[in-house]
Amino acid sequence: MTAPKKLFIKTYGCQMNVYDSERMAEALGGQGYTEAKSADEADMILLNTCHIREKAAEKVYSELGRFKKLKAQKPDLKIGVAGCVAQAEGQEIMRRQPLVDLVVGPQSYHRLPEMEEKAREGEKVLDTDFPEEDKFEKLKRRPKSKRGPTAFLTVQEGCDKFCAFCVVPYTRGAEVSRPADRILTEARDLVERGVREITLLGQNVNAYHGAGANGDLTLAQLIWELDKLEGLERIRFTTSHPNDMMNDLIEAHGTCKKLMPYLHLPVQAGSDKILKRMNRSHTAESYLRLIERIRAARPDILISGDFIVGFPEETEADFQATLDLVEEVKYGTAYSFKYSTRPGTPAAERPQVDPVEADDRLQRLQALLTRQQREIQDSMVGREVGVLFEKPGRQAGQMLGKSDYLHAVHVADCDRQAGDLARVRIVSSRTNSLAGELID
Ligand code: 5AD
Ligand code: SF4
């Protein structure tokens with residue numbers, strides 16, 4: 001019998017890391033770990049890191065530095081680094097920061113329990129392999145523990161697209177889809193534990209092609225299987241690539257009631273020259289036509305996107321093409337970034353844009369995106385939407401939830417509970433949320 005120990009996981013980056021952290025916590029639960037509320041009370045600290053942009057890795061190193069004092073006070077404290085920085089930097093992490101005991105890449109999480117034992121015995125352990133075995137099968141969930149109304153479920157991992165700026169194909173590896181029956185079993189278990197909304201995750205989720213009973217399933221076919229699950233009310237998926245937006249998935253947005261009217265479809269840039277250099281294999285025009293087809297299937301769908309400004313050799317005219325595309329699409333929400341050099345990716349070697357110019361472009365793009373986001377949010381006032389309540393708000397009697405379109409919604413004097421789905425009329429729009437009232 002192992003003595004109870006406390007684990008603190010700090011998660012950076014994408015939703016897949018959030019999912020992975022949860023699975024790591026469950027895997028280490030078998031080693032006697034329970035959740036620590038803060039790093040101070042932990043026997044083991046794991047940083048689940050992100051490598052997508054420069055500052056993320058630097059943040060990890062400075063965070064690690066802050067644990068020096070803690071480790072000096074508590075020599076048995078074990079410190080681990082997981083995630084994409086672990087994969088990309090490997091041994092370098094322990095060289096740069098000797099207080100690290102354990103480094104584990106995203107494909108080796110199922111080996112964490114063994115690694116933890118070795119670390120306890122004083123070994124420095126590193127695993128950044130891409131093993132053959134199915135890590136998800138080996139990362140067993142803690143059965144039947146109750147959980148909140150929304151959950152992530154990874155269905156696909158890795159990417160074969162090799163956009164010229166992106167580290168994902170190197171840190172997460174080749175594109176792999178999980179078999180459909182395992183996903184359905186996990187989804188059923190989540191629903192039994194109180195989950196009402198599942199977001200299917202994958203770096204290239206719409207490239208999903210997991211094995212089913214009669215051959216591979218597309219993402220749309222998987223969604224239709226999930227649609228049959230009683231108790232599951234809402235399905236979302238993220239992140240999609242424009243080139244994998246197949247007809248059956250577009251149609252499902254029009255016909256599957258549980259599939260929510262929200263689509264994250266990154267375009268990255270609006271200039272065909274830049275898109276080509278990014279190795280995106282779509283044009284601005286083909287993206288716009290695709291958005292048209294999606295809106296024909298589901299006119300009220302909220303489109304979300306990702307943008308990079310200041311990609312090598314981007315001129316003012318190229319940037320203007322991005323602004324033009326944004327004007328045409330009208331994004332309900334968007335994430336925009338200044339290009340950051342990732343060593344080992346093709347674009348890292350190319351002539352870089354002046355950083356002051358790139359900053360200026362980012363500000364102009366963000367001003368436009370924020371305006372659009374606000375306009376779309378404001379246009380919800382007076383409309384009836386579905387809201388899934390997640391938790392009580394700060395004021396007495398208030399409940400917080402998300403609309404079908406993923407807007408945060410507050411309802412005052414609300415007699416509903418977390419996990420309840422209700423029809424709500426939107427009455428006002430604030431900076432980052434909507435206020436609504438229940439419709440009886
Ligand atoms: N620099 C800036 N942004 C990047 N992204 C990915 N790689 C980089 C990079 N090197 C952005 C893309 C992607 C999102 C997750 O992060 O927009 O869609
Ligand atoms: Fe990276 Fe997405 Fe391009 Fe894949 S499709 S290389 S994850 S930006």
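Counting starts at 1 for both ligands and their atoms, following the listed order.
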Could you find the nearest protein heavy atom to atom 1 (Fe) of ligand 2 and give me its residue, atom name and distance?
-> Cys166 SG, 2.3 Å
Please state which protein non-hydrogen atom is closest to atom 4 (Fe) of ligand 2 and give its distance, to 0.1 Å?
-> Cys159 SG, 2.2 Å
Distance col, row Gln268:CD vs Ile308:CD1, nearest 0.5 angstrom, shows 4.5 Å
Does the ring of Tyr61 carry Arg96 above it, NZ/CZ under 6.0 angstrom from centre and within 45° of its axis?
-> yes
side-chain contact (heavy atoms from CB on, under 4.5 Å) partner of Ile45, the single match among Asp101, Leu70, Val81, Ile9 = Leu70
Side chain or backbone of Pro266 under 4.0 Å from ligand 2, or both, or neither, by non-hydrogen atoms?
-> neither
May I ask you to test the Cys84-Arg172 pair for a side-chain heavy-atom distance under 4.5 Å?
-> yes
Phe165, portion touching ligand 2 at heavy-atom distance under 4.0 Å | side chain
Can you check whether Thr11's main-chain N or O pairs, donor with acceptor, with Ser21's side chain at less than 3.5 Å?
-> no
For atom 4 (Fe) of ligand 2, does an N/O/S atom of His241 lie at less than 2.8 Å?
-> no
Heavy atoms only: which of Val267, Thr345, Val168, Ile52 is nearest to atom 6 (C) of ligand 1?
-> Ile52
Counting each atom of ligand 2 from 1 as listed, which ones have a heavy atom of Pro169 under 4.0 Å away?
-> 6 (S)
Tell me which protein heavy atom sits closest to atom 15 (C) of ligand 1, plus the residue, atom name and distance to 0.1 Å.
-> Asp306 OD2, 3.7 Å
At a 4.0 Å threshold, what atoms of ligand 2 neighbour a non-hydrogen atom of Lys161?
-> 4 (Fe), 5 (S)
Apply the test side chain to side chain donor-acceptor pair (under 3.5 Å) to residues Glu157 and Gln107: give CA-CA distance (whole Å), side-chain angles for both, the deciding distance (0.1 Å), then the verdict.
-> CA-CA 10 Å; Glu157 209 178 346; Gln107 301 312 329; 3.1 Å; yes
Nearest protein heavy atom with distance in Å, relative to atom 2 (C) of ligand 1 | Lys338 O, 3.4 Å
How far is atom 5 (N) of ligand 1 from its nearest protein heavy atom, and which residue and atom name does that atom have?
-> Arg53 NH1, 3.6 Å
Measure the distance from atom 12 (C) of ligand 1 to every protein heavy atom, then report the residue, atom name and distance (to 0.1 Å) of the closest one.
-> Gln268 OE1, 3.4 Å
Main-chain N/O of Met94 paired to Lys124 side chain as donor or acceptor, under 3.5 Å | no
Protein residue, atom and distance nearest to atom 4 (C) of ligand 1, heavy-atom basis = Ile308 CD1, 3.5 Å
Close-contact set for ligand 2 against Phe162 heavy atoms, below 4.0 Å = 6 (S)
With heavy atoms only and a cut-off of under 4.0 Å, state how Cys163 meets ligand 2: side chain, backbone, both or neither.
-> both
Return yes if a side-chain donor-acceptor contact under 3.5 Å exists between Glu89 and His51, otherwise no.
-> no
Has Arg364 got its NZ or CZ under 6.0 Å from the middle of the six-membered ring of Phe319, at an angle within 45 degrees of the ring axis?
-> no
Any idea which protein heavy atom is nearest atom 1 (N) of ligand 1, and the distance to it?
-> Ser340 N, 3.0 Å
Solution key, residues 248-255 side-chain donor-acceptor pairs under 3.5 Å, sequence neighbours excluded:
{"residue": "Asp248", "atom": "OD2", "partner": "Thr218", "partner atom": "OG1", "Å": "2.8"}
{"residue": "Thr255", "atom": "OG1", "partner": "Glu251", "partner atom": "O", "Å": "3.0"}

Within the 6.0 Å centroid threshold, strictly below: Phe165 and Phe337 | no
Looking at atom 2 (Fe) of ligand 2, what's its closest protein heavy atom, distance included?
-> Gln203 O, 4.4 Å
Can you tell me the protein heavy atom closest to atom 7 (N) of ligand 1 and the distance?
-> Phe165 CD1, 3.3 Å
